[in-house]
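Okay, so here's the structure we're looking at.
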Number of protein chains: 2
Amino acid sequence: MVTKQFKGTAVDEADLRRADSLAREIFSDVANKWALLIIETLGERTLRFSELRNEVEGVSHKMLTQNLRMLERNGLVDRTVYPTVPPRVEYTLTVSGQGLRKTVDAMCEWTHRYFADIESSRRRFDG
Amino acid sequence: MVTKQFKGTAVDEADLRRADSLAREIFSDVANKWALLIIETLGERTLRFSELRNEVEGVSHKMLTQNLRMLERNGLVDRTVYPTVPPRVEYTLTVSGQGLRKTVDAMCEWTHRYFADIESSRRRFDG
DNA sequence: CAGCATCCCTCAAGATACTG
DNA sequence: CAGTATCTTGAGGGATGCTG
């Protein structure tokens with residue numbers, strides 16, 4: 001996230017600042033619990049809204065909608081509407097979404113790897 | 001994050017459920033903007049509270065304290081207090097903290113890699 | 001300097017209800 | 001079924017002041 005400054009070169013620093021603030025904005029969008037859980041749950045599958053609702057433990061209708069819109073806006077998920085009655089809407093990760101998913105997978109692996117450490121650290125801290 | 005159920009084996013399902021809910025709790029602690037930015041900022045360095053405050057763009061005194069406590073509790077950062085006047089407190093990532101940092105690095109790389117895609121996707125969506 | 005406590009307010013998020 | 005809109009609440013987070 002740290003942007004090199006290239007001070008004294010021809011690089012326009014205003015551009016760098018814009019890019020940096022945009023990067024932080026993307027990071028803020030993506031670095032939140034629900035977004036990451038949705039990405040992890042989607043994985044390589046295609047799921048309907050209601051299926052996601054069931055699989056993402058504890059997410060409300062509203063939060064799911066909001067986060068899916070945000071992920072769609074950033075081009076991380078594709079949204080396909082089938083104009084049937086009742087409507088059917090399917091979500092799937094895009095290429096960039098899959099890319100992010102790999103990093104979320106790594107976070108999950110990290111959780112399992114240090115699970116015991118974390119648990120004991122908590123006990124030490126709390127006691 | 002998905003825990004295999006091993007249905008019909010000797011594995012105690014209650015244990016699995018406890019582990020699963022703990023994993024989700026850890027994930028919720030860690031998967032938030034400030035925690036990840038702090039981890040990324042610390043990197044391989046050792047920083048004082050005030051240095052972190054300056055380097056983590058936009059973080060308030062209170063949020064920084066809260067998140068550092070949380071990270072300390074989970075054993076991701078070490079906190080060293082030098083009993084001088086005025087006091088000096090230094091923070092550094094632990095081994096597990098470094099492990100998580102690698103995944104955050106990957107997220108940052110992802111941001112830069114898909115930066116242009118995301119920007120254009122946003123324009124398409126907003127227009 | 002770092003941390004804690006207090007106050008206060010905004011906005012995030014749940015509940016509910018209505019539409020295509 | 002999926003999405004949007006409205007209302008309401010309370011927790012998140014800022015500002016301030018005090019302490020070791």
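In what follows, chains are A, B, ... by sequence order, proteins preceding strands, each numbered from 1. Side chains are part of it too, since the values below use all heavy atoms of this structure and drop only hydrogens, waters and symmetry mates.
For the residue pair A:N74/A:D29, the side-chain donor-acceptor check at 3.5 Å is satisfied.
Each end of the helix from C:dC1-D:dG20 to C:dG20-D:dC1 yields a helix axis from five base pairs, and these two axes differ in direction by 50° (to the nearest 10 degrees).
For B:V89, the side-chain contact (heavy atoms from CB on, under 4.5 Å) partners at least two apart in sequence or on another chain are B:R79, B:V81, B:Y91. Listed by chain and residue number, B:R122 satisfy the side chain to side chain donor-acceptor pair (under 3.5 Å) test with A:E25 (two or more places apart in sequence, or in another chain). By the side-chain contact (heavy atoms from CB on, under 4.5 Å) test, A:S60 is found to be paired with A:K62, A:M63, residues two or more places apart in sequence or in another chain being considered.
Hydrophobic cluster membership differs between A:F125 and B:L71, with clusters built from Ile, Leu, Val, Met, Phe, Trp and Tyr side chains linked at under 4.5 angstrom.
Residues B:L64 and B:F49 are in side-chain contact: their nearest non-hydrogen atoms beyond the backbone lie under 4.5 Å apart. Contact of the A:L76 side chain with the A:V30 side chain is registered, since non-hydrogen atoms from C-beta on lie closer than 4.5 Å.
The pair A:R88-A:E90 meets the salt-bridge criterion, with a side-chain N (NZ, NE, NH1 or NH2) lying under 4.0 Å from an Asp/Glu carboxylate O.
Classification of the B:Y114-B:W110 ring pair by plane angle, with boundaries at 30° and 60°, yields tilted.
A nucleotide of DNA chain C counts as in contact with chain A when one of its atoms lies under 4.0 Å from a heavy atom; the first and last such, 5' to 3', are C:dA13 to C:dG20.
Of the two residues near DNA chain D, A:R88 and B:G58, the one whose nearest nucleotide lies more 5' is A:R88.
More than 12 heavy atoms of other residues, nucleotides or ligands sit less than 6.0 Å from atom CZ of A:R69.
Between A:R48 and D:dA2, a side-chain N or O to OP1/OP2 separation shorter than 4.0 Å is present.
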Exercise. Sugar-phosphate atoms are those with a prime plus P, OP1 and OP2; base atoms are the rest. Using that split, label each nucleotide of nucleotides 3-13 of chain D B, S or - for protein heavy atoms under 4.0 Å, 5' to 3'.
Key: BB--------B
